[in-house]
Amino acid sequence: MLQLPFIKENKDLVIARLAKKNIDATAMINDVISFDEDRKRIQTNLDNTLAESNALSKEIGNLYKSGEAQKANLLKEKTSQLKELSKELSETLTAKVEALKELLFKIPNVPHEIVPAGTTEADNEETFREGDIPKLYDGALPHWELAKKYDIIDFELGNKITGAGFPVYKGKGARLQRALIAYFLDKNIDTGYTEYQLPHLINEASGIGTGQLPDKEGQMYHVGEDNLYLIPTAEVPGTNIFRDVVLSESELPIAITGYTPCFRREAGSYGAHVRGLNRLHQFDKVEIIRVEHPRKSYDALVGMVDHVKGILQELKLPYKILRLCGGDTSFAAAITYDFEVFSTAQDRWLEVSSISNFETFQANRLKLRFKNAKGKNELAHTLNGSSLALPRVLAGILENYQTEEGIVIPEVLQPYTGFKIIN
RNA sequence: GGAGAAUUGGCAGAGUGGUCGAAUGCGGCAGUCUUGAAAACUGUUGAGGGUCACACCUCCGGGGGUUCGAAUCCCUCAUUCUCCGCCA
(Lines give C-alpha, C1' and ligand atoms only; values in the text may rest on other atoms or scores of the structure.)
Protein backbone atom coordinates (compact mmCIF):
# COMPACT_ATOMS: atom_id res chain seq x y z
CA MET A 1 0.00 0.00 0.00
CA LEU A 2 1.39 3.37 -0.99
CA GLN A 3 1.66 6.01 1.67
CA LEU A 4 -1.06 8.63 1.47
CA PRO A 5 1.22 11.63 2.08
CA PHE A 6 3.51 10.35 -0.66
CA ILE A 7 0.63 10.16 -3.11
CA LYS A 8 -0.52 13.65 -2.22
CA GLU A 9 2.91 15.17 -2.58
CA ASN A 10 3.91 13.29 -5.72
CA LYS A 11 0.69 12.92 -7.61
CA ASP A 12 2.14 13.40 -11.09
CA LEU A 13 5.14 11.22 -10.41
CA VAL A 14 2.95 8.41 -9.10
CA ILE A 15 0.73 8.52 -12.17
CA ALA A 16 3.71 8.64 -14.53
CA ARG A 17 5.48 5.76 -12.83
CA LEU A 18 2.39 3.60 -12.66
CA ALA A 19 2.05 4.07 -16.40
CA LYS A 20 5.16 1.87 -16.59
CA LYS A 21 3.04 -0.88 -15.11
CA ASN A 22 0.57 -0.08 -17.89
CA ILE A 23 -1.94 1.39 -15.51
CA ASP A 24 -3.69 4.68 -15.94
CA ALA A 25 -4.01 5.62 -12.30
CA THR A 26 -5.24 9.16 -12.84
CA ALA A 27 -8.80 8.48 -11.73
CA MET A 28 -7.74 6.35 -8.76
CA ILE A 29 -5.24 8.91 -7.56
CA ASN A 30 -7.73 11.74 -7.88
CA ASP A 31 -10.26 9.68 -5.96
CA VAL A 32 -7.75 8.96 -3.23
CA ILE A 33 -7.07 12.64 -2.78
CA SER A 34 -10.71 13.67 -2.78
CA PHE A 35 -11.70 10.77 -0.51
CA ASP A 36 -9.08 11.88 1.93
CA GLU A 37 -10.33 15.44 1.86
CA ASP A 38 -13.84 14.16 2.56
CA ARG A 39 -12.49 12.03 5.34
CA LYS A 40 -10.74 14.95 6.92
CA ARG A 41 -13.84 17.10 6.78
CA ILE A 42 -16.07 14.44 8.35
CA GLN A 43 -13.46 13.66 10.96
CA THR A 44 -13.18 17.29 12.04
CA ASN A 45 -16.92 17.46 12.33
CA LEU A 46 -17.04 14.31 14.43
CA ASP A 47 -14.16 15.42 16.61
CA ASN A 48 -15.90 18.66 17.43
CA THR A 49 -19.11 16.84 18.31
CA LEU A 50 -17.24 14.47 20.57
CA ALA A 51 -15.35 17.32 22.18
CA GLU A 52 -18.61 19.00 23.06
CA SER A 53 -20.06 15.80 24.38
CA ASN A 54 -16.98 15.11 26.48
CA ALA A 55 -17.11 18.56 27.98
CA LEU A 56 -20.76 18.11 28.89
CA SER A 57 -20.07 14.77 30.51
CA LYS A 58 -17.48 16.34 32.70
CA GLU A 59 -19.88 19.06 33.67
CA ILE A 60 -22.58 16.54 34.51
CA GLY A 61 -20.17 14.69 36.76
CA ASN A 62 -19.36 17.90 38.59
CA LEU A 63 -23.00 18.84 38.95
CA TYR A 64 -23.80 15.47 40.50
CA LYS A 65 -20.96 15.88 42.92
CA SER A 66 -22.20 19.26 44.03
CA GLY A 67 -25.70 17.85 44.41
CA GLU A 68 -27.28 19.70 41.53
CA ALA A 69 -28.98 16.68 40.01
CA GLN A 70 -31.70 18.68 38.29
CA LYS A 71 -29.26 20.75 36.29
CA ALA A 72 -27.39 17.59 35.43
CA ASN A 73 -30.49 15.91 34.09
CA LEU A 74 -31.12 18.88 31.90
CA LEU A 75 -27.70 18.53 30.33
CA LYS A 76 -28.22 14.84 29.78
CA GLU A 77 -30.84 15.56 27.19
CA LYS A 78 -28.37 17.56 25.20
CA THR A 79 -25.77 14.82 25.31
CA SER A 80 -28.20 12.30 23.91
CA GLN A 81 -28.68 14.55 20.90
CA LEU A 82 -24.94 14.83 20.46
CA LYS A 83 -24.65 11.10 20.81
CA GLU A 84 -26.99 10.52 17.95
CA LEU A 85 -25.17 13.01 15.79
CA SER A 86 -21.79 11.52 16.55
CA LYS A 87 -23.09 8.06 15.79
CA GLU A 88 -24.22 9.19 12.38
CA LEU A 89 -20.98 10.97 11.72
CA SER A 90 -18.85 8.07 12.78
CA GLU A 91 -20.78 5.75 10.49
CA THR A 92 -20.18 8.10 7.59
CA LEU A 93 -16.56 8.35 8.56
CA THR A 94 -16.10 4.58 8.75
CA ALA A 95 -17.63 4.18 5.32
CA LYS A 96 -15.33 6.81 3.89
CA VAL A 97 -12.25 5.35 5.53
CA GLU A 98 -13.14 1.89 4.24
CA ALA A 99 -13.65 3.20 0.73
CA LEU A 100 -10.31 4.97 0.89
CA LYS A 101 -8.55 1.89 2.19
CA GLU A 102 -10.10 -0.29 -0.46
CA LEU A 103 -8.91 2.11 -3.10
CA LEU A 104 -5.40 2.26 -1.68
CA PHE A 105 -5.28 -1.53 -1.64
CA LYS A 106 -5.95 -1.51 -5.36
CA ILE A 107 -3.09 0.77 -6.31
CA PRO A 108 0.10 -1.13 -7.15
CA ASN A 109 3.52 -0.14 -5.96
CA VAL A 110 5.27 2.55 -7.94
CA PRO A 111 8.13 1.07 -9.97
CA HIS A 112 11.65 2.33 -9.45
CA GLU A 113 12.86 4.81 -12.07
CA ILE A 114 15.24 2.34 -13.70
CA VAL A 115 12.48 -0.19 -14.32
CA PRO A 116 11.97 -0.33 -18.08
CA ALA A 117 8.54 0.34 -19.52
CA GLY A 118 6.91 -2.58 -21.26
CA THR A 119 4.07 -5.00 -21.25
CA THR A 120 5.41 -8.52 -21.71
CA GLU A 121 8.45 -10.56 -20.88
CA ALA A 122 9.89 -9.57 -24.24
CA ASP A 123 10.41 -6.11 -22.75
CA ASN A 124 12.46 -7.35 -19.82
CA GLU A 125 16.00 -6.08 -19.81
CA GLU A 126 18.83 -8.56 -19.63
CA THR A 127 21.47 -7.23 -17.26
CA PHE A 128 23.84 -10.17 -16.93
CA ARG A 129 24.56 -13.59 -18.42
CA GLU A 130 27.03 -16.23 -17.41
CA GLY A 131 27.86 -19.92 -17.89
CA ASP A 132 28.37 -22.14 -20.88
CA ILE A 133 25.50 -23.95 -22.43
CA PRO A 134 26.56 -27.60 -22.51
CA LYS A 135 26.67 -29.69 -25.68
CA LEU A 136 24.51 -32.70 -25.02
CA TYR A 137 24.77 -36.11 -26.59
CA ASP A 138 22.39 -37.16 -29.34
CA GLY A 139 19.13 -38.26 -27.86
CA ALA A 140 19.28 -35.97 -24.83
CA LEU A 141 15.90 -35.83 -23.10
CA PRO A 142 13.72 -33.22 -21.41
CA HIS A 143 13.58 -33.62 -17.65
CA TRP A 144 10.16 -35.29 -17.51
CA GLU A 145 11.50 -38.09 -19.72
CA LEU A 146 14.63 -38.35 -17.60
CA ALA A 147 12.51 -38.46 -14.45
CA LYS A 148 10.69 -41.45 -15.86
CA LYS A 149 13.77 -43.16 -17.27
CA TYR A 150 15.57 -43.10 -13.92
CA ASP A 151 12.39 -43.42 -11.85
CA ILE A 152 13.09 -40.40 -9.68
CA ILE A 153 9.91 -38.35 -10.09
CA ASP A 154 6.47 -39.88 -10.55
CA PHE A 155 3.96 -37.42 -11.95
CA GLU A 156 1.20 -40.01 -12.48
CA LEU A 157 1.37 -41.13 -8.89
CA GLY A 158 0.85 -37.51 -7.79
CA ASN A 159 -2.14 -37.32 -10.13
CA LYS A 160 -3.61 -40.30 -8.38
CA ILE A 161 -2.97 -39.13 -4.84
CA THR A 162 -3.87 -35.49 -5.30
CA GLY A 163 -4.08 -34.25 -8.86
CA ALA A 164 -1.98 -32.63 -11.55
CA GLY A 165 0.91 -30.56 -10.29
CA PHE A 166 1.69 -32.61 -7.19
CA PRO A 167 4.63 -34.79 -8.18
CA VAL A 168 6.04 -37.60 -6.06
CA TYR A 169 9.83 -37.65 -5.73
CA LYS A 170 11.32 -41.08 -5.27
CA GLY A 171 14.64 -42.60 -4.26
CA LYS A 172 17.53 -40.54 -5.53
CA GLY A 173 15.03 -37.93 -6.71
CA ALA A 174 13.79 -37.42 -3.16
CA ARG A 175 17.32 -37.40 -1.83
CA LEU A 176 18.31 -34.79 -4.41
CA GLN A 177 15.43 -32.58 -3.28
CA ARG A 178 16.58 -32.81 0.31
CA ALA A 179 20.16 -32.12 -0.79
CA LEU A 180 19.16 -29.00 -2.68
CA ILE A 181 17.18 -27.67 0.29
CA ALA A 182 20.06 -28.28 2.67
CA TYR A 183 22.60 -26.82 0.26
CA PHE A 184 20.58 -23.65 -0.35
CA LEU A 185 19.93 -23.16 3.35
CA ASP A 186 23.60 -23.61 4.16
CA LYS A 187 24.61 -21.09 1.53
CA ASN A 188 22.12 -18.58 2.89
CA ILE A 189 23.18 -19.14 6.48
CA ASP A 190 26.84 -18.69 5.48
CA THR A 191 25.93 -15.27 4.09
CA GLY A 192 24.38 -14.18 7.36
CA TYR A 193 20.77 -15.25 7.05
CA THR A 194 19.12 -16.80 10.10
CA GLU A 195 17.18 -19.97 9.42
CA TYR A 196 13.49 -20.12 10.34
CA GLN A 197 10.93 -22.88 10.13
CA LEU A 198 7.65 -21.23 9.39
CA PRO A 199 3.97 -22.20 9.40
CA HIS A 200 2.61 -23.46 6.11
CA LEU A 201 -0.81 -22.02 6.76
CA ILE A 202 -1.51 -18.36 7.34
CA ASN A 203 -4.48 -16.35 8.52
CA GLU A 204 -6.27 -13.55 6.75
CA ALA A 205 -4.35 -10.74 8.41
CA SER A 206 -1.08 -12.19 7.18
CA GLY A 207 -2.40 -12.46 3.65
CA ILE A 208 -3.36 -8.81 3.75
CA GLY A 209 -0.04 -7.87 5.25
CA THR A 210 2.02 -9.05 2.31
CA GLY A 211 -0.53 -8.21 -0.36
CA GLN A 212 -1.94 -11.61 -1.36
CA LEU A 213 -5.28 -10.50 -0.01
CA PRO A 214 -7.69 -9.14 -0.91
CA ASP A 215 -6.60 -8.98 -4.56
CA LYS A 216 -5.18 -12.39 -5.31
CA GLU A 217 -7.38 -14.56 -3.18
CA GLY A 218 -7.99 -17.08 -5.96
CA GLN A 219 -4.33 -17.93 -6.22
CA MET A 220 -4.12 -19.46 -2.77
CA TYR A 221 -5.64 -22.67 -1.49
CA HIS A 222 -8.14 -21.80 1.20
CA VAL A 223 -9.13 -23.94 4.17
CA GLY A 224 -12.65 -22.70 4.62
CA GLU A 225 -13.45 -24.31 7.93
CA ASP A 226 -10.69 -22.48 9.75
CA ASN A 227 -10.37 -19.56 7.33
CA LEU A 228 -6.69 -20.24 6.74
CA TYR A 229 -4.67 -20.19 3.55
CA LEU A 230 -1.89 -22.48 2.37
CA ILE A 231 1.19 -20.37 1.79
CA PRO A 232 2.08 -19.59 -1.81
CA THR A 233 5.60 -18.67 -0.66
CA ALA A 234 7.56 -18.40 2.58
CA GLU A 235 7.50 -14.67 1.99
CA VAL A 236 4.07 -14.56 3.58
CA PRO A 237 4.75 -16.13 7.00
CA GLY A 238 8.34 -14.83 6.93
CA THR A 239 7.47 -11.20 6.35
CA ASN A 240 4.49 -11.31 8.69
CA ILE A 241 6.86 -12.01 11.55
CA PHE A 242 7.25 -8.25 11.45
CA ARG A 243 3.61 -7.26 11.26
CA ASP A 244 2.82 -4.55 13.85
CA VAL A 245 6.41 -4.43 14.98
CA VAL A 246 8.49 -1.42 15.92
CA LEU A 247 12.18 -2.24 15.62
CA SER A 248 15.04 -0.25 16.95
CA GLU A 249 17.37 1.03 14.27
CA SER A 250 20.20 -1.09 15.62
CA GLU A 251 18.25 -4.27 14.87
CA LEU A 252 18.48 -3.53 11.15
CA PRO A 253 19.20 -5.14 8.83
CA ILE A 254 17.30 -8.33 9.49
CA ALA A 255 18.05 -11.28 7.24
CA ILE A 256 16.14 -14.53 7.48
CA THR A 257 15.88 -17.63 5.37
CA GLY A 258 13.52 -20.54 5.43
CA TYR A 259 12.53 -23.60 3.50
CA THR A 260 8.84 -24.24 2.94
CA PRO A 261 6.71 -26.03 0.44
CA CYS A 262 4.68 -23.56 -1.62
CA PHE A 263 1.13 -24.06 -2.79
CA ARG A 264 -0.31 -22.27 -5.79
CA ARG A 265 -3.58 -22.88 -7.51
CA GLU A 266 -2.30 -21.47 -10.83
CA ALA A 267 -5.85 -21.64 -12.07
CA GLY A 268 -6.20 -21.86 -15.80
CA SER A 269 -2.60 -22.43 -16.78
CA TYR A 270 -2.18 -25.61 -18.80
CA GLY A 271 -0.24 -26.54 -21.90
CA ALA A 272 3.18 -27.47 -23.13
CA HIS A 273 5.00 -24.84 -21.10
CA VAL A 274 3.76 -26.18 -17.81
CA ARG A 275 4.91 -29.73 -18.43
CA GLY A 276 6.90 -31.66 -15.90
CA LEU A 277 8.46 -29.47 -13.27
CA ASN A 278 7.95 -26.24 -15.14
CA ARG A 279 4.88 -25.29 -13.18
CA LEU A 280 3.43 -27.07 -10.16
CA HIS A 281 0.73 -26.64 -7.56
CA GLN A 282 3.09 -27.73 -4.82
CA PHE A 283 6.80 -27.08 -4.95
CA ASP A 284 9.70 -26.51 -2.61
CA LYS A 285 11.48 -23.22 -2.19
CA VAL A 286 14.10 -21.68 0.04
CA GLU A 287 13.41 -18.03 0.54
CA ILE A 288 15.50 -15.11 1.74
CA ILE A 289 13.84 -12.13 3.37
CA ARG A 290 15.37 -8.86 4.48
CA VAL A 291 14.15 -5.90 6.49
CA GLU A 292 16.31 -2.90 5.71
CA HIS A 293 16.81 0.75 6.50
CA PRO A 294 15.28 2.71 3.60
CA ARG A 295 18.65 4.22 2.73
CA LYS A 296 20.28 0.85 2.42
CA SER A 297 17.67 -1.29 0.72
CA TYR A 298 19.06 -0.91 -2.78
CA ASP A 299 22.53 -1.93 -1.67
CA ALA A 300 20.89 -4.92 -0.03
CA LEU A 301 19.12 -5.75 -3.28
CA VAL A 302 22.46 -5.83 -5.09
CA GLY A 303 23.80 -8.07 -2.35
CA MET A 304 20.91 -10.50 -2.77
CA VAL A 305 21.43 -10.66 -6.51
CA ASP A 306 25.15 -11.32 -6.02
CA HIS A 307 24.34 -14.02 -3.51
CA VAL A 308 22.09 -15.93 -5.88
CA LYS A 309 24.64 -15.47 -8.66
CA GLY A 310 27.18 -17.21 -6.45
CA ILE A 311 24.93 -20.21 -5.98
CA LEU A 312 24.24 -20.63 -9.70
CA GLN A 313 27.95 -20.27 -10.40
CA GLU A 314 28.69 -23.06 -7.95
CA LEU A 315 26.05 -25.25 -9.54
CA LYS A 316 27.62 -24.40 -12.92
CA LEU A 317 24.28 -23.72 -14.52
CA PRO A 318 24.08 -21.24 -17.40
CA TYR A 319 21.88 -18.35 -16.33
CA LYS A 320 20.90 -14.82 -17.08
CA ILE A 321 19.51 -11.99 -14.98
CA LEU A 322 16.61 -9.85 -16.12
CA ARG A 323 15.39 -6.56 -14.85
CA LEU A 324 11.66 -6.97 -15.23
CA CYS A 325 9.75 -4.39 -17.19
CA GLY A 326 6.88 -2.54 -15.57
CA GLY A 327 4.26 -4.86 -16.97
CA ASP A 328 6.01 -7.93 -15.60
CA THR A 329 6.81 -6.47 -12.18
CA SER A 330 4.39 -7.68 -9.57
CA PHE A 331 1.74 -5.63 -7.81
CA ALA A 332 3.75 -5.05 -4.64
CA ALA A 333 7.28 -4.75 -6.03
CA ALA A 334 9.13 -1.56 -6.88
CA ILE A 335 11.74 -3.50 -8.81
CA THR A 336 12.35 -7.15 -9.54
CA TYR A 337 15.30 -9.11 -10.88
CA ASP A 338 14.57 -12.54 -12.27
CA PHE A 339 17.12 -15.29 -12.65
CA GLU A 340 16.61 -17.74 -15.48
CA VAL A 341 18.51 -20.96 -15.99
CA PHE A 342 18.93 -22.35 -19.48
CA SER A 343 17.27 -25.69 -19.89
CA THR A 344 19.23 -27.23 -22.71
CA ALA A 345 16.99 -30.13 -23.57
CA GLN A 346 13.92 -27.90 -23.69
CA ASP A 347 15.88 -25.13 -25.36
CA ARG A 348 14.32 -22.50 -23.17
CA TRP A 349 15.02 -20.34 -20.13
CA LEU A 350 13.38 -21.25 -16.83
CA GLU A 351 12.80 -18.77 -14.03
CA VAL A 352 14.46 -20.01 -10.84
CA SER A 353 14.56 -16.91 -8.68
CA SER A 354 12.86 -13.59 -8.36
CA ILE A 355 14.33 -10.92 -6.13
CA SER A 356 12.37 -7.81 -5.30
CA ASN A 357 12.54 -4.63 -3.31
CA PHE A 358 9.12 -3.66 -2.02
CA GLU A 359 10.39 -0.47 -0.40
CA THR A 360 7.69 0.64 2.07
CA PHE A 361 4.80 -0.94 0.19
CA GLN A 362 4.54 -4.05 2.36
CA ALA A 363 5.80 -2.28 5.47
CA ASN A 364 2.93 0.18 5.23
CA ARG A 365 0.40 -2.64 5.20
CA LEU A 366 2.28 -4.51 7.90
CA LYS A 367 2.93 -1.46 10.06
CA LEU A 368 6.54 -2.53 10.12
CA ARG A 369 8.48 0.40 11.51
CA PHE A 370 11.71 1.26 13.22
CA LYS A 371 12.66 4.11 15.51
CA ASN A 372 14.91 6.33 13.45
CA ALA A 373 17.75 8.52 14.70
CA LYS A 374 15.29 11.30 15.48
CA GLY A 375 13.26 8.92 17.64
CA LYS A 376 10.37 8.90 15.19
CA ASN A 377 8.76 5.77 13.83
CA GLU A 378 9.60 5.25 10.20
CA LEU A 379 8.52 2.52 7.79
CA ALA A 380 11.25 0.03 6.97
CA HIS A 381 11.92 -1.48 3.57
CA THR A 382 11.28 -5.15 2.88
CA LEU A 383 12.94 -7.32 0.27
CA ASN A 384 12.75 -10.94 -0.60
CA GLY A 385 13.88 -13.45 -3.12
CA SER A 386 14.13 -17.11 -3.85
CA SER A 387 17.42 -18.68 -2.98
CA LEU A 388 16.30 -20.83 -4.60
CA ALA A 389 13.14 -22.44 -5.98
CA LEU A 390 13.72 -26.14 -6.43
CA PRO A 391 11.77 -27.56 -9.37
CA ARG A 392 13.29 -25.58 -12.18
CA VAL A 393 16.76 -25.78 -10.72
CA LEU A 394 16.21 -29.50 -10.61
CA ALA A 395 14.98 -29.45 -14.22
CA GLY A 396 18.09 -27.52 -15.19
CA ILE A 397 20.38 -29.95 -13.42
CA LEU A 398 18.69 -33.02 -14.86
CA GLU A 399 18.78 -31.70 -18.38
CA ASN A 400 22.16 -29.99 -18.43
CA TYR A 401 24.01 -32.66 -16.51
CA GLN A 402 22.67 -35.65 -18.42
CA THR A 403 25.18 -37.98 -20.07
CA GLU A 404 24.76 -41.30 -21.77
CA GLU A 405 25.82 -42.94 -18.52
CA GLY A 406 23.31 -41.07 -16.40
CA ILE A 407 22.81 -37.73 -14.65
CA VAL A 408 25.95 -36.43 -13.03
CA ILE A 409 25.42 -34.63 -9.73
CA PRO A 410 27.03 -31.16 -9.53
CA GLU A 411 30.11 -31.33 -7.38
CA VAL A 412 28.87 -28.97 -4.66
CA LEU A 413 25.80 -31.14 -4.14
CA GLN A 414 27.62 -34.44 -3.82
CA PRO A 415 28.36 -34.06 -0.10
CA TYR A 416 24.63 -33.57 0.37
CA THR A 417 23.39 -36.37 -1.90
CA GLY A 418 25.96 -38.96 -0.98
CA PHE A 419 26.02 -40.14 -4.61
CA LYS A 420 27.65 -38.81 -7.76
CA ILE A 421 25.38 -40.03 -10.48
CA ILE A 422 21.80 -41.04 -11.08
CA ASN A 423 21.70 -44.03 -13.41
C1' G B 1 -13.24 -30.43 23.35
C1' G B 2 -14.52 -28.95 29.00
C1' A B 3 -13.47 -25.63 33.56
C1' G B 4 -10.90 -21.43 35.56
C1' A B 5 -7.47 -17.09 35.15
C1' A B 6 -5.39 -13.51 32.08
C1' U B 7 -4.42 -9.87 27.64
C1' U B 8 -2.48 -2.28 29.53
C1' G B 9 2.96 2.00 26.08
C1' G B 10 9.59 -0.83 22.89
C1' C B 11 9.61 -4.43 27.45
C1' A B 12 7.98 -5.55 32.55
C1' G B 13 3.97 -4.05 35.46
C1' A B 14 0.13 -0.92 38.66
C1' G B 15 -4.58 0.76 37.82
C1' U B 16 -12.41 -1.85 39.32
C1' G B 17 -17.01 3.91 36.69
C1' G B 18 -15.33 10.74 36.16
C1' U B 19 -9.23 14.14 38.61
C1' C B 20 -6.31 7.95 33.58
C1' G B 21 -3.37 8.30 27.68
C1' A B 22 -2.54 5.79 32.16
C1' A B 23 1.81 5.04 38.49
C1' U B 24 6.50 2.66 38.80
C1' G B 25 10.75 0.05 36.89
C1' C B 26 13.73 -1.31 32.55
C1' G B 27 15.12 0.30 27.83
C1' G B 28 15.75 4.76 24.46
C1' C B 29 17.18 9.99 23.98
C1' A B 30 19.50 14.62 26.05
C1' G B 31 22.50 16.58 29.90
C1' U B 32 25.84 16.73 34.55
C1' C B 33 30.22 14.25 36.17
C1' U B 34 34.67 11.85 33.34
C1' U B 35 40.68 12.40 29.19
C1' G B 36 36.85 8.85 27.17
C1' A B 37 33.46 5.07 28.66
C1' A B 38 30.79 2.75 32.64
C1' A B 39 28.34 3.83 37.19
C1' A B 40 25.61 7.63 39.60
C1' C B 41 22.46 11.83 39.21
C1' U B 42 18.94 15.29 36.39
C1' G B 43 15.55 15.92 32.55
C1' U B 44 12.85 13.73 28.61
C1' U B 45 10.31 9.64 26.20
C1' G B 46 3.46 5.64 23.49
C1' A B 47 0.83 5.61 18.59
C1' G B 48 -2.53 7.73 14.94
C1' G B 49 -5.67 11.87 13.17
C1' G B 50 -5.81 17.26 13.26
C1' U B 51 -3.28 22.31 13.43
C1' C B 52 1.51 27.14 10.87
C1' A B 53 1.69 25.97 16.04
C1' C B 54 -1.78 25.07 19.86
C1' A B 55 -6.61 23.39 20.89
C1' C B 56 -9.18 19.15 20.06
C1' C B 57 -10.33 13.76 18.70
C1' U B 58 -9.22 8.34 18.74
C1' C B 59 -6.56 4.11 20.67
C1' C B 60 -5.57 -0.03 27.37
C1' G B 61 -6.08 -7.87 22.53
C1' G B 62 -10.40 -7.50 18.09
C1' G B 63 -15.71 -6.50 17.61
C1' G B 64 -20.35 -5.11 19.95
C1' G B 65 -23.23 -3.26 24.28
C1' U B 66 -24.65 -0.64 29.18
C1' U B 67 -23.87 4.60 31.01
C1' C B 68 -24.30 11.68 30.82
C1' G B 69 -19.30 9.36 31.38
C1' A B 70 -15.66 2.84 30.45
C1' A B 71 -8.76 0.58 30.76
C1' U B 72 -12.46 -0.37 34.77
C1' C B 73 -19.31 -3.27 34.08
C1' C B 74 -21.83 -6.83 30.29
C1' C B 75 -21.72 -9.94 25.60
C1' U B 76 -18.76 -12.12 21.83
C1' C B 77 -14.33 -13.64 19.19
C1' A B 78 -9.02 -14.45 19.26
C1' U B 79 -4.68 -15.52 21.92
C1' U B 80 -1.88 -17.03 26.43
C1' C B 81 -1.51 -19.69 31.15
C1' U B 82 -3.35 -23.60 34.79
C1' C B 83 -6.29 -28.09 35.40
C1' C B 84 -9.04 -32.15 32.78
C1' G B 85 -9.85 -34.96 28.15
C1' C B 86 -7.62 -36.55 23.46
C1' C B 87 -3.09 -37.25 20.88
C1' A B 88 2.14 -37.49 17.06
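First the proteins, then the strands, lettered A, B, ... as listed; each starts at 1.
For B:C57, the OP1/OP2 oxygens have a side-chain nitrogen or oxygen of A:N54 closer than 4.0 Å. Residue A:K83 has a polar side-chain atom (N or O) positioned under 4.0 Å from OP1 or OP2 of B:G69. Dashed line: the shortest gap from a side-chain N or O of A:R39 to OP1 or OP2 of B:G50 is under 4.0 Å.
The side chain of A:A51 approaches B:C56 more closely than any other nucleotide in the set B:C56, B:G10, B:C68. Checked against B:C57, B:C68, B:A47, the side chain of A:N377 finds its nearest nucleotide in B:A47. Between B:G49, B:C68, B:A47, one nucleotide has an atom nearer to the side chain of A:Q43 than all others, and that is B:G49. For A:I60, counting side-chain heavy atoms from C-beta on, the closest listed nucleotide (B:C68, B:C57, B:A47) is B:C68. Here the nucleotide nearest the side chain of A:K40, chosen from B:G50, B:C68, B:A47, is B:G50. Taking the side chain of A:L50 as heavy atoms from C-beta on, and the options B:G10, B:G18, B:U58, the nearest nucleotide is B:U58.
The P atoms of B:U67 and B:C57 are separated by 22 Å, rounded to the nearest whole Å. Across B:A55 and B:G50, the matching C1' atoms stand 10 Å from one another, rounded to whole Å. Across B:C11 and B:C20, the matching P atoms stand 24 Å from one another, rounded to whole Å. The same atom, P, is picked in B:G9 and in B:C59; the two are 15 Å apart, to the nearest Å. Distance noted for atom C1' between B:C84 and B:U19: 47 Å (whole Å). Taking atom C1' on both nucleotides, B:G21 is separated from B:C33 by 35 Å, rounded to a whole Å. When the P atom is compared between B:C75 and B:U66, the two are found 15 Å apart, to the nearest whole Å. Atom name P, nucleotides B:U45 and B:A38: the rounded distance is 22 Å, in whole Å.
Between A:H112 and A:Y298, the ring planes lie tilted relative to each other; the angle falls in the 30° to 60° range.
Among the protein residues, A:R41 comes within range of no part of the nucleic acid, since none of its heavy atoms lies under 4.0 Å from any strand. Among the atoms of the strands shown, none is found under 4.0 Å from any heavy atom of A:T44.
For the residue pair A:D284 / A:Q177, a side-chain donor-acceptor distance below 3.5 Å is found, with atom types taken as modelled.
In this structure, A:G211 and A:R365 approach most closely via the heavy-atom pair CA-NH1, 3.1 Å. Closest of all the heavy-atom pairs between A:P232 and A:R264 is O-NE, 2.9 Å.
A salt bridge is absent between A:K187 and A:D190: the closest approach of a Lys/Arg side-chain nitrogen to an acidic carboxylate oxygen does not fall below 4.0 angstrom.
Atoms CG (A:L82) and P (B:G69) sit 11 Å apart, rounded to a whole Å.
Around atom NZ of A:K96, more than 12 heavy atoms belonging to other residues, nucleotides or ligands sit under 6.0 Å away.
In this structure, B:G43 forms a base pair with B:C29, meeting either the Watson-Crick or the G-U wobble geometry with both donor-acceptor distances under 3.5 Å. For B:A78, the paired base is B:U7 (Watson-Crick or G-U wobble, both distances below 3.5 Å).
Mapping A:K371 and A:G61 onto RNA chain B by nearest heavy atom places A:G61 closer to the 5' end of the strand.
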